[in-house]
Structure formats: C-alpha cells, structure tokens
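A quick write-up on the structure given underneath.
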Amino acid sequence: MAGRFIVLEGGDGVGKTTHIALLSSWLDAAGISHTVVREPGGTPLGEAIRQVVLNRTDLEFSPEAELLLILAARAALVREVIRPALLRGDTVIGDRFALSTLAYQSFGRGLDLDQVRLAIEVATGGLQPDLYVVLDLPVEESVERGRRDGQDLDRIEQEGEEFRQTIREAYLTLADSEPAVALVSAQGPLEEVQRRVQDLLSARLRGAFVRPTGDTRDVHAEQS
Ligand code: T5A
C-alpha cells in the first residue's frame with residue numbers, strides 16, 4: 001500500500017480531535033491527499049454502533065460485548081474506508097484504532113491481552129498503522145478541559161477518574177512495549193503541542209511530510 005496510516009491515541013479529552021483537525025489543515029496546505037477517520041464510527045454501520053456503545057447508558061454491556069461491538073465497527077471501517085484510501089495513496093489519519101482497544105478493553109475492562117489482540121487481528125485483517133502518536137496528559141487536566149467545554153460525558157467517560165487513570169497508565173505501558181508507538185506530551189499551549197506532533201511525523205515518516213509555510217523542503221532534509 002502506498003499511503004501512510006497514522007493514528008492519534010490517548011485518553012478521553014487529551015486533544016486528539018483538535019490536533020487531527022490541525023494536522024488535516026497542515027496536510028492540505030502541503031498538498032498531501034488524506035482521509036480522516038474516527039473510531040468507533042466512520043461508516044454507516046460504525047456510526048450506528050458508536051451510538052449504541054457511547055450513548056446507551058440504559059443497556060448492560062459485558063466487556064466481551066463492548067469489545068465485539070467496537071471491533072465490528074472497525075472491521076467495516078478498515079474494509080470500506082481505510083484500505084481503499086491507502087490503496088489510492090492517501091495518508092490516513094485515524095482518531096483511535098487498535099491501541100484504544102488494548103488500553104480500554106484489556107487494561108481497562110480486564111480482558112486477556114492476547115485474546116484481544118487475536119480479535120483485533122480478525123477485525124483488521126492484520127492492518128497496522130505506520131505510527132501511533134499517543135497524546136499524554138494528566139487526568140486532572142483532561143477532566144478540566146472537558147469541564148470547560150461543558151461536555152456531556154458519554155457511557156465510557158462516565159466510568160470516572162480512576163478508570164481514566166488506568167487508561168493513562170495503560171497507554172504509557174503500551175508506548176513502552178508496542179512497536180511504532182510514540183509518546184507526545186499534550187501539556188502546554190495548543191500550538192506548541194501541534195508543533196511537537198508535526199515535528200514527530202516529519203522526523204519519523206521521512207519524506208512523507210513537508211512544512212507547508214512556503215518552505216516545501218522535507219523537514220528531515222533540514223536536519224541532516
Ligand atoms: N473506545 C474507542 C474504546 O473503548 N475502545 C476502542 O477500541 C475505541 C476505538 C470514543 C470512546 O470509545 C472508547 C474510548 C472513548 O471513551 P470519543 O468521543 O470518540 O469516544 O473519544 P474521546 O477521546 O473521548 O474524544 P474527545 O473529543 O472527548 O477527546 P479528544 O478528541 O482527545 O479531545 P478534543 O480534541 O475534543 O479536546 C478536548 C478539549 O481540550 C481542548 C480542546 O479545544 C477541547 O476543548 N484542548 C486544549 N486546551 C488547552 N490546551 C491544549 N493544548 C488543548 N488541546 C485541546
């Protein structure tokens with residue numbers, strides 16, 4: 001596949017969606033054709049599943065049911081959107097992918113890590129991102145950002161701060177042990193965090209990204 005697959009990850013409210021919108025503008029300005037996807041969701045089936053998984057607080061979800069619903073949405077997204085986009089050479093920017101499932105359904109809900117990996121393999125056909133960027137933020141700060149937004153908490157966010165802490169620690173563990181995972185601090189002003197993300201992508205995906213501000217040299221070439 002010609003396109004690159006990059007995924008932003010991290011706990012709830014760390015800034016993934018905001019940074020993906022900024023990355024999308026950056027790629028537009030550089031003339032890089034790209035597709036943005038979010039999980040769960042991104043297809044008619046996936047969006048229907050998202051409504052159930054995030055909003056149906058009146059239903060009981062076993063950890064296994066939650067896992068399989070999320071993976072059903074991912075299977076559709078990979079087959080209908082991500083693989084076709086990569087095949088036509090688009091860069092794909094994902095708002096969450098398999099690392100979320102390891103963090104939330106295994107570390108968070110207690111499902112066996114190897115079994116979760118196997119189930120993910122079935123859903124994705126083995127597709128792996130070129131790079132996961134994990135945005136890391138202390139839980140109190142992400143909660144505060146959500147509070148400032150006056151956000152309604154979805155079913156998973158309603159699990160509370162202890163669960164969020166487990167998820168943050170899960171990502172820190174996964175960043176140490178999984179291939180192609182880079183950790184970026186999400187603390188500080190938005191522009192500073194975005195610059196960290198852009199610099200990381202420029203350095204790690206050599207040749208795939210250029211600075212758009214009138215200077216179209218490969219950032220890596222500047223450094224060497
Ligand atoms: N899930 C998902 C699983 O359990 N397993 C899985 O396999 C998958 C794929 C998805 C839920 O599903 C679960 C995990 C999730 O709980 P979601 O709503 O798509 O739910 O995901 P969230 O991560 O909860 O999305 P949020 O929109 O809440 O968080 P984001 O996208 O991380 O944060 P964002 O960009 O909305 O930013 C939050 C606020 O912070 C501000 C933004 O302006 C915004 O107001 N902000 C900053 N403020 C100050 N300084 C900065 N540097 C800032 N950066 C952002």
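This chain uses plain numbering: 1 for the first residue, then up along the sequence. Every number for a ligand or one of its atoms is a count from 1 in the order of the listing.
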Self-check item: Side-chain (S100) to main-chain (R96) donor-acceptor, under 3.5 angstrom
Solution: no

Quiz item: Out of curiosity, I93 CD1 to L23 CG, how far, rounded to the nearest 0.5 Å?
Solution: 5.5 Å

Self-check item: CD1-CG distance between I32 and D90, expressed to the nearest 0.5 angstrom
Solution: 11.0 Å

Quiz item: Against heavy atoms of I70, which atoms of ligand 1 measure under 4.0 Å?
Solution: 3 (C), 4 (O), 5 (N), 6 (C), 7 (O)

Quiz item: Checking side chain to side chain contact (heavy atoms under 4.5 Å, CB included) for the pair V193/H19: CA distance, chi angles, key distance, verdict?
Solution: CA-CA 8 Å; V193 179; H19 285 289; 3.4 Å; yes

Quiz prompt | Contact check: G15 vs ligand 1, nitrogen or oxygen atoms, below 3.5 angstrom | solution = yes

Quiz item: Should you measure from each heavy atom of G188, which atoms of ligand 1 turn up under 4.0 Å away?
Solution: 50 (N), 51 (C), 52 (N)

Quiz prompt | Region of R96 that comes within reach of ligand 1 [heavy atoms, distance under 4.0 Å] | solution = side chain

Quiz prompt | Identity and separation of the nearest protein heavy atom to atom 32 (O) of ligand 1 | solution = K16 NZ, 2.7 Å

Quiz item: Among all protein non-hydrogen atoms, which one is nearest to atom 28 (O) of ligand 1, and what is the separation to 0.1 Å?
Solution: E157 OE2, 3.4 Å

Quiz item: Heavy-atom contacts under 4.0 Å between Q187 and ligand 1: side chain, backbone, both, or neither?
Solution: neither

Quiz item: Is any side-chain heavy atom of D114 closer than 4.5 Å to a side-chain heavy atom of L118?
Solution: no

Quiz prompt | Proximity of T17 to ligand 1 by residue part, where a heavy atom lies under 4.0 Å | solution = both

Self-check item: Atom indices of ligand 1 within 4.0 angstrom of D12 heavy atoms, with elements
Solution: 15 (C), 16 (O), 22 (P), 23 (O), 24 (O)

Quiz item: For ligand 1, is E66 a contact, meaning one of its heavy atoms is under 4.0 Å away?
Solution: no

Quiz item: Do any nitrogen or oxygen atoms of V14 come within less than 3.5 Å of a nitrogen or oxygen of ligand 1?
Solution: yes

Exercise. For P189, counting its heavy atoms only, list the atoms of ligand 1 lying under 4.0 Å from any of them.
Key: 52 (N)

Quiz item: For the atom pair CD (E157) and CG (D152), what is the distance rounded to the nearest 0.5 Å?
Solution: 9.5 Å

Quiz item: Taking heavy atoms and a distance under 4.0 Å, where does E192 meet ligand 1: side chain, backbone, both or neither?
Solution: neither

Practice problem: Kindly check if the number of other-residue, nucleotide or ligand heavy atoms within 6.0 Å of CZ (R145) is above 12? | Solution: yes

Quiz prompt | Polar atom proximity, P40 to ligand 1 (N or O, under 3.5 Å) | solution = no

Quiz item: Using heavy atoms and a threshold below 4.0 Å, how should the contact between Q158 and ligand 1 be classified: side chain, backbone, both, or neither?
Solution: neither

Quiz item: Can you tell which of D136, L135, L174, V133 makes a side chain to side chain contact (heavy atoms under 4.5 Å, CB included) with L183?
Solution: D136

Quiz item: Ring centres of F97 and F5 under 6.0 Å apart?
Solution: yes

Quiz item: How long is the gap from CH2 on W26 to CD on Q194, to the nearest 0.5 Å?
Solution: 8.0 Å

Quiz item: Just wondering, do P138 and R168 contact through their side chains at under 4.5 Å, heavy atoms?
Solution: yes

Quiz item: Which atoms from ligand 1 have a heavy atom of Q105 less than 4.0 Å away?
Solution: 3 (C), 4 (O), 5 (N), 6 (C), 7 (O)

Quiz item: Mind checking whether R38 has a heavy atom under 4.0 Å from ligand 1?
Solution: no

Quiz item: In terms of atom number and element, which parts of ligand 1 are under 4.0 angstrom from non-hydrogen atoms of R50?
Solution: 17 (P), 18 (O), 19 (O)

Quiz item: Just which atoms of ligand 1 are under 4.0 Å from any heavy atom in I156?
Solution: 4 (O), 12 (O), 13 (C), 16 (O)

Practice problem: Give, for atom CG of D58 and atom CZ of R155, the distance between the pair rounded to the nearest 0.5 Å. | Solution: 10.5 Å

Quiz item: Of the listed options (L77, I120, D149), which comes nearest to atom 44 (C) of ligand 1 when hydrogens are ignored and any heavy atom counts?
Solution: D149

Quiz item: With a cut-off of 6.0 Å (strictly less than), are more than 12 heavy atoms of other residues, nucleotides or ligands near CD of Q158?
Solution: yes

Quiz prompt | Gap separating the CD atom of E159 from the CG atom of L153, nearest 0.5 angstrom | solution = 11.0 Å

Practice problem: Among all protein heavy atoms, pick the one closest to atom 8 (C) of ligand 1 and tell me residue, atom and distance. | Solution: S100 CB, 3.6 Å

Exercise. Note the single closest protein heavy atom to atom 48 (N) of ligand 1, along with its residue, its atom name and the distance in Å.
Key: R145 NE, 3.5 Å

Exercise. For atom 26 (P) of ligand 1, find the nearest protein heavy atom and state the residue, atom name and distance (0.1 Å precision).
Key: G13 N, 4.0 Å

Exercise. Tell me which part of L54 gets within contact of ligand 1: side chain, backbone, both or neither, using heavy atoms under 4.0 Å.
Key: side chain

Quiz item: Counting from 1, what ligand 1 atoms have a heavy atom of T101 closer than 4.0 Å?
Solution: 6 (C), 7 (O)

Quiz item: Looking at V36, V7, I6, L86, which one forms a side chain to side chain contact (heavy atoms under 4.5 Å, CB included) with V92?
Solution: L86

Practice problem: Output yes when the distance from some N or O of ligand 1 to some N or O of T18 is under 3.5 Å, and no in every other case. | Solution: yes

